[in-house]
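Below is one structure, written out as structure tokens; the observations come after it.
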Amino acid sequence: MVPLGGWSLVDASQKIRIRVPDAIRMDRGGFLLFVRGSTTFPYAHASEIPYGGALKNSGDDLAFMDASCGVLDYIPFGGGWPAGDNDAKRTMERDADGVSWHTSVGIGGTPGGENSVSLENMRYEVTIHLAGSGGASVASDPEGIACNDGVRCAGSFPAGMNLKLRAVPASGALFGQWSGACSGTGSCALTVAGITDITANFHYPYISSSDVENASSSSIQTIIPVGTSSSTPSSSPTGTLLEHILIAAVQIAGERSSNDFVKIYNSSGDAADLGGWKLKKRSSTGAEYSLRTFPEGTSLAPGAYFTWANSADGFAASLGADASSTETISSNNSVALFDSGGMVADALAWGSGEGQFVEGNPFPENPGAGQVLRRVFSDSGGPVDTADNASDFTLQ
């Protein structure tokens, strides 16, 4: 323990002249905090000594002297502080080498505690989540991203580094777009300034009608349903965007019987304008109801999902649903998605209702509470669509 009684801190004009009281002693690794006026720092782990006067925002010269007036440390910054930010209220801190200075990482600095690490020495984790299907990896410039499990890629980079990321699809797959800390469909460019999460969305392309006619069955990843103006969809592919907007999942009950949702998936490589599209249901008796007409300007990115959910008891809000209403779906029902021109994009029936919206055969079982009727995805990562609900969906 070092006795500091009689030591002092003085500025060049001597308007600040602080004498340390005789009783003050400092433990090894401890801190002494000079506090202007009556300001208190309840989080400070240091001896506090109040003083009058003020440091100049434009810079000042400071000397710390022992009881014999020997200068122990001197800061010659009357011409301007080399670090700190008065507008952002970040303090000037000495580097670990005891020579250079840096601006505090946090607002208000670290009074009574160890200085924050210089931003030049800070490193932050950048994590990229691979979403959808067909994501192989993500490459970075400079290098440093590692992809280990096919689900995420990550790396640690210095603060302030300009980083460029490039999505790498698997063979036969396409990159859709970035979300999170990056957006768009090109490369992702960012300056590392903190822990960062980014999602790279991938998808497999789908075959047109001419591809179906010419391809062997082993090369076909999925057969796409046709858009049609009738209430019962046809199974002949047409190669339009309408073919690629699919019903991906349905729940008819959760903790409450009204915990209903329908999830829609864009399997194409283009954004889909869903403005004016309609999601309808048929009850077990065949009566037809509108679940929701999607607002103008509604857009669904490639490889992305759009969710309708029942709004009762805040259920839709808890899911972050894109659209909601008070309508419900239940056992032996069916749902269909219509485009703005009245063409059926996709349909799904379950149980044994009358006059159902259906492709092929209805899924034979009704989902129980908490169960989800989900579209099957093939080994290649694409959603299966053979235009038969009984084959294309599974209960989970």
Side-chain angles (χ1 to χ4, degrees), residues 1-126 155-161 191-197:
M1 184 173 289
V2 180
L4 301 182
W7 292 28
S8 59
L9 180 68
V10 183
D11 75 342
S13 65
Q14 297 194 29
K15 290 182 179 180
I16 296 177
R17 189 175 184 87
I18 312 166
R19 184 182 183 279
V20 180
D22 293 338
I24 296 296
R25 285 170 169 73
M26 183 182 293
D27 291 331
R28 180 181 179 86
F31 298 93
L32 182 64
L33 188 63
F34 298 100
V35 181
R36 180 185 176 188
S38 59
T39 303
T40 59
F41 295 91
Y43 46 85
H45 302 288
S47 298
E48 296 185 12
I49 300 174
Y51 72 92
L55 289 172
K56 300 175 183 177
N57 288 341
S58 58
D60 211 339
D61 297 331
L62 291 171
F64 190 48
M65 299 181 292
D66 63 19
S68 302
C69 293
V71 176
L72 302 172
D73 197 11
Y74 177 62
I75 301 175
F77 295 141
W81 303 112
D85 188 329
N86 186 51
D87 292 332
K89 304 308 178 188
R90 298 180 188 272
T91 64
M92 184 176 82
E93 299 179 340
R94 182 164 266 166
D95 290 349
D97 61 12
V99 178
S100 303
W101 297 83
H102 65 269
T103 299
S104 66
V105 174
I107 295 173
T110 59
E114 291 186 15
N115 291 343
S116 57
V117 178
S118 168
L119 284 176
E120 286 74 18
N121 299 321
M122 291 288 287
R123 297 183 69 87
Y124 292 106
E125 189 82 2
V126 176
S156 176
F157 297 92
M161 172 173 282
T191 300
V192 178
I195 297 172
T196 305
D197 279 282

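Sequential numbering from 1 along the given sequence is applied to the chain's residues. Below, all heavy atoms of this structure are taken into account, side chains as well, without hydrogens, waters or symmetry copies.
- To the nearest 0.5 Å, the span separating OG on S104 from CD on E93 amounts to 5.0 Å.
- For E114, the CD atom is loosely surrounded, since the number of other residues' heavy atoms within 6.0 Å does not exceed 12.
- Here the straight-line distance linking atom CZ of R90 with atom OG1 of T103 works out to 8.5 Å at 0.5 Å rounding.
- Summarising the geometry, atom NZ belonging to K56 is positioned 9.5 Å from atom CD1 belonging to I16; distances are rounded to the nearest 0.5 Å.
- Across all their heavy atoms, Y74 and L62 have their closest contact at CD1-O, 3.2 Å.
- Interatomic distance, I75 CD1 to W101 CH2, rounded to the nearest 0.5 Å: 4.0 Å.
- Considering all non-hydrogen atoms of both residues, D22 and R19 come closest at OD1-NH2, 3.2 Å.
- Not a single donor-acceptor pair under 3.5 Å links the side chain of W81 to the backbone N or O of T91.
- Closest of all the heavy-atom pairs between Y124 and I195 is CD2-N, 3.6 Å.
- In this structure, I49 CD1 and L9 CG are separated by 9.5 Å, a value rounded to the nearest 0.5 Å.
- Remark: R94 engages D73 in a salt bridge (charged side-chain N to carboxylate O under 4.0 Å, His left out) (not counting sequence neighbours).
- Closest of all the heavy-atom pairs between G53 and R36 is O-NE, 3.1 Å.
- Judged as a side-chain hydrogen bond (donor to acceptor under 3.5 Å, both in side chains), the pairs with a partner in residues 3-18 (not counting sequence neighbours) are, in order, D11-S13, Q14-R17.
- The structure places CZ of F77 at 9.0 Å from CG of D61, a figure rounded to the nearest 0.5 Å.
- Of all the heavy atoms in M65 and L72, the pair that sits closest is C-CD1, 4.1 Å.
- Annotation for A67 and G5: closest pair CB-O, 4.0 Å, computed over non-hydrogen atoms.
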